[in-house]
Amino acid sequence: MPISARERAAILKSLAAGVVPSIGLHWIQVGRFDEVAALIHDLDLVQQGGASVRFVIGRYGSGKTFFLNLIRTVAQKRKFVVAQADITTERRLQGSSGQAKALYCELMRNLSTQAKPDGGALQNVIERWVGDVDHDVRSNGGNEEVVKRKFATELRPLQDLVSGYDFVTVITRYYEGYLNHDERLQDNAVRWLRGEYTARTDARQDLGVRTIIDDTSYYDYLKLFARFVRIAGYAGLLVNIDELVVLSHRLPNTTARNRNYEAILRIINDCLQGRTEGLCFLFAGTDECLEDRRLGLYSYEALATRLAPNRFATEERQDLQSPVIRLQNLTPEDCFVLLSNIRHVHASGNPAQYIVPDEAIVEYLKECNEWMGSQCFQTVRRTAQGFVHFLNMLEQDSTRDWRSMLMRNASAIRQTLELPDAPDVNADDELSEFRL
Amino acid sequence: MQCDALFTADPLMVDLASAPVFLDDSSHSFLKYITIGAGYAAALVILLIFISPAVSLFVVICVLAMEVAVAKPAEFSALTGRASGKTDASGYHHPTSGQMVRPPATSDTPQSPCDNLVVRETSSEPGDSQARQQQLMQQQLVPRGTLSLPPKGSDFDDPVEVVSPAAPTLPPQRIPAAPKEVEARKRAFRARDLDESELDDQLTCHAASEPATSGSSGSKAVVHLDMDAVSRIMSETRQVANLLMAAMADELEDTPEIDDQDETPLEEPESPEQAEPQQQEVSVPSSQIEAAPAGNVDGLPARFRSFLQALIAKSEWDNGEMTALARQHGVMLSGAIEVINEWSCEQYGEWLVEEGDTYCVRTDLLEGTVECPLAHANVPPF
């Protein structure tokens with residue numbers, strides 16, 4: 001099957017820059033059939049009105065972010081709305097100084113759909129539904145007032161949830177802004193939905209609502225929004241949260257850490273007990289982030305019991321019904337297949353246009369192994385990056401053979417693949433500090 | 001946690017086993033002395049009340065003597081130093097020589113990484129040089145832990161990260177000493193007043209003993225690829241690809257239609273141009289029809305067609321023009337682009353409208369100039 005030019009360019013440019021591509025990941029996915037199948041099953045479940053929560057756990061370089069993006073791509077294709085954000089010390093699941101709200105804002109800013117996969121799709125989602133309702137009503141001879149009443153009717157299920165009434169009011173204000181060519185009112189409504197209001201008085205003055213989205217209520221709004229997107233015709237809301245390790249190993253305060261773990265516990269309980277619908281959470285973190293009994297999720301007893309491994313599972317055969325999905329690091333054979341896939345993408349999916357044979361991939365892996373050691377296979381980012389550079393150079397200079405390119409450019413490849421130097425420090429201070 | 005000088009550990013290979021454990025011993029000591037003091041006071045009061053002063057004095061002296069006897073040597077030394085009034089946090093000055101004296105390091109005594117620095121200051125006999133040199137070379141040339149340099153952009157961008165031996169480590173693989181590393185070792189030698197020529201000799205010997213797989217040797221590293229495993233992974237990868245394809249195609253059949261009322265032709269066309277496409281049959285190969293949304297070949301809700309027709313009149317629009325165009329056609333701009341791009345993705349695998357500072361319209365998609373499943377099919381007229 002041919003690979004579209006857009007996907008090809010996105011994949012190759014992203015890999016060449018050392019970042020995970022945002023689209024077309026299914027072209028370069030290697031193995032992990034069971035893990036992918038498990039998450040697709042989750043998406044099916046959510047699509048049918050259920051909820052799900054999963055923790056993708058693996059070492060650095062095992063492909064957690066890649067996996068999250070892959071599932072995001074699949075979800076977008078299945079008409080999910082996807083919200084994605086990385087946890088930082090300033091953006092986390094619980095906080096008293098706006099950190100939780102900051103995470104919500106980030107999720108809403110990065111809201112994506114199939115038609116707008118790079119984020120910023122909140123307005124699209126709202127306008128699509130509002131436009132549909134408007135079209136429905138007007139097709140049947142209704143006017144603006146009927147449209148507004150229809151909003152309330154359609155969104156009645158939301159009124160059972162926290163701040164459901166205010167949500168309906170804000171959507172109505174957005175529609176009024178559209179009717180009156182009042183872009184400011186529309187912007188205010190979007191600001192409120194993104195959680196960017198900081199004062200209730202401002203929200204009341206601008207939109208006539210008494211509440212705003214804050215640290216304590218953001219999760220309720222996520223649940224509310226998940227219900228809304230289903231009403232709007234989407235399959236559900238997928239929330240991808242990466243870098244969970246920040247909570248466990250970057251938050252110095254035990255109380256803050258435990259409160260964040262409480263927030264995770266609430267999410268797990270809601271999703272597993274069926275108290276929410278149309279919502280899927282995917283968290284990604286490292287082994288120590290999960291298993292560290294002092295700092296990790298296991299340090300919180302309630303989470304330790306819920307996320308405990310199945311004692312009948314083995315390393316070879318993990319329990320894919322469990323909330324925890326473990327990703328193993330890539331083996332040399334996995335790397336070989338990955339590079340083969342990259343070559344396939346480079347040739348736009350046409351094997352006749354392969355620029356190098358399999359032998360070149362093996363030689364390239366040897367070259368990498370020589371200079372990077374086992375990191376060549378454990379952290380494949382630089383391996384893939386160098387390989388794309390290699391293919392690009394070959395493509396640009398067809399007179400050169402891949403062997404001579406590998407040999408002559410060994411030093412250049414080495415520069416690409418070498419471990420990054422430590423940040424510049426004073427020569428005299430090079431030994432002056434270390435960190436535990 | 002910082003230290004002004006770390007001379008005992010390899011600058012690039014440090015492990016937790018040798019790293020000092022920093023406990024807050026000052027607070028422990030403080031609490032202990034408070035407790036002891038309170039005990040003395042209580043005992044004294046009781047004795048003064050119930051027993052004669054002479055006996056009580058005797059008991060107090062006995063208790064004091066016992067406490068001193070059981071005290072650790074380091075604390076004893078410290079107490080002695082305190083008595084001379086010349087102590088500091090890391091040791092005390094000898095009352096007569098004025099030299100810094102450190103308590104002996106014991107396995108259970110918390111030890112600062114600066115301890116060895118102090119040793120260097122106090123003991124400079126040439127006789128120790130050989131032993132210390134050997135010790136340093138051992139620390140430098142035999143990896144006791146593994147330096148972990150995470151990729152750029154990861155969470156841990158510290159200059160040097162110490163990884164515990166239990167943490168994932170690379171296989172023991174000798175890497176030739178980089179110039180920076182050699183320079184660092186030389187500085188370490190200079191800082192400890194050791195002979196640099198000895199370091200050169202040791203490095204030469206070390207290089208000579210490098211295994212043949214070393215990068216600097218020029219010989220190729222061995223990569224063993226299990227071709228059976230490769231075949232298995234490729235097979236699994238194909239399965240995954242099929243699974244993903246199926247998963248991404250499922251939504252075309254399973255997801256409830258958002259605009260199901262628009263699957264039928266427009267009931268009240270606003271213009272002749274709108275009515276025309278509904279009357280025309282689009283001839284598309286059957287295999288491609290299967291991939292298209294069920295019920296309608298072109299799949300685009302009818303109310304957006306006139307907007308799309310106007311949209312493809314030119315390839316670039318600014319924001320104001322687009323807003324006006326959308327209003328003119330009675331649609332909300334963002335919602336319309338959402339629907340059109342979704343339809344375009346399903347039909348052509350590409351986004352028709354790209355949002356940025358301006359709106360770019362991929363008119364080439366509709367002209368069939370881009371390779372895509374439906375590129376050569378009859379494009380629905382507008």
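Reminder, nothing fancy here: chain letters follow the sequence lines and each chain counts from 1.
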- Item | B/V230, part contacting chain A, at a heavy-atom distance under 4.5 Å |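 Both backbone and side chain.
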
Checking heavy atoms, do the side chain of [X], its backbone, both or neither come under 4.5 Å from chain B?
| X | value |
| --- | --- |
| A/F336 | side chain |
| A/L70 | side chain |
| A/S340 | side chain |
| A/N341 | side chain |
| A/R32 | backbone |

- Trace of the side chain to side chain donor-acceptor pair (under 3.5 Å) decision for A/D136 with A/S139: CA-CA 5 Å; A/D136 268 358; A/S139 303; 5.5 Å; no

- In terms of heavy-atom pairs under 4.5 Å, which option from A/A121, A/G131, A/G18, A/G61 contacts chain B the most?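 If we count pairs closer than 4.5 Å to chain B, A/G131 comes out on top.
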
- Which of A/N124, A/T73, A/V30 touches chain B most, by non-hydrogen pairs under 4.5 Å: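 So the answer, after comparing A/N124, A/T73, A/V30, is A/N124.
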
- Query: Top residue by heavy-atom pair count (under 4.5 Å) with chain A, among B/N341, B/V353, B/T323?
  - Reply: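 When all of B/N341, B/V353, B/T323 are compared, B/N341 has the most.
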
- Task: Side-chain contact test, heavy atoms from C-beta onward, threshold under 4.5 Å: evaluate it for B/F304 versus B/I337 and give yes or no.
- Result: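 No, too far: nothing below the 4.5 Å cut-off.
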
- Distance (rounded to the nearest 0.5 Å) between B/I233 CD1 and B/Q239 CD: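 Rounded to the nearest 0.5 Å, the CD1-CD separation comes out at 12.5 Å.
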
- Task: Run the numbers on B/I340 and B/L300 for side-chain contact (heavy atoms from CB on, under 4.5 Å), then give the verdict.
- Result: CA-CA 7 Å; B/I340 288 171; B/L300 182 67; 4.1 Å; yes

- Item | Backbone N/O of A/V133 and side chain of A/R138: donor-acceptor pair under 3.5 Å |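 Answer holds: no.
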
- Of all heavy-atom pairs between A/F80 and A/L43, which one has the smallest distance, and what is that distance?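 Looking at all heavy atoms of both residues, the closest pair is CZ-O, 3.3 Å.
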
- Query: If every non-hydrogen atom of A/C335 is compared with every non-hydrogen atom of A/L365, which pair is closest and at what distance?
  - Reply: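 For A/C335 and A/L365, the tightest heavy-atom pair comes out as CB-CD2, 4.0 Å.
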
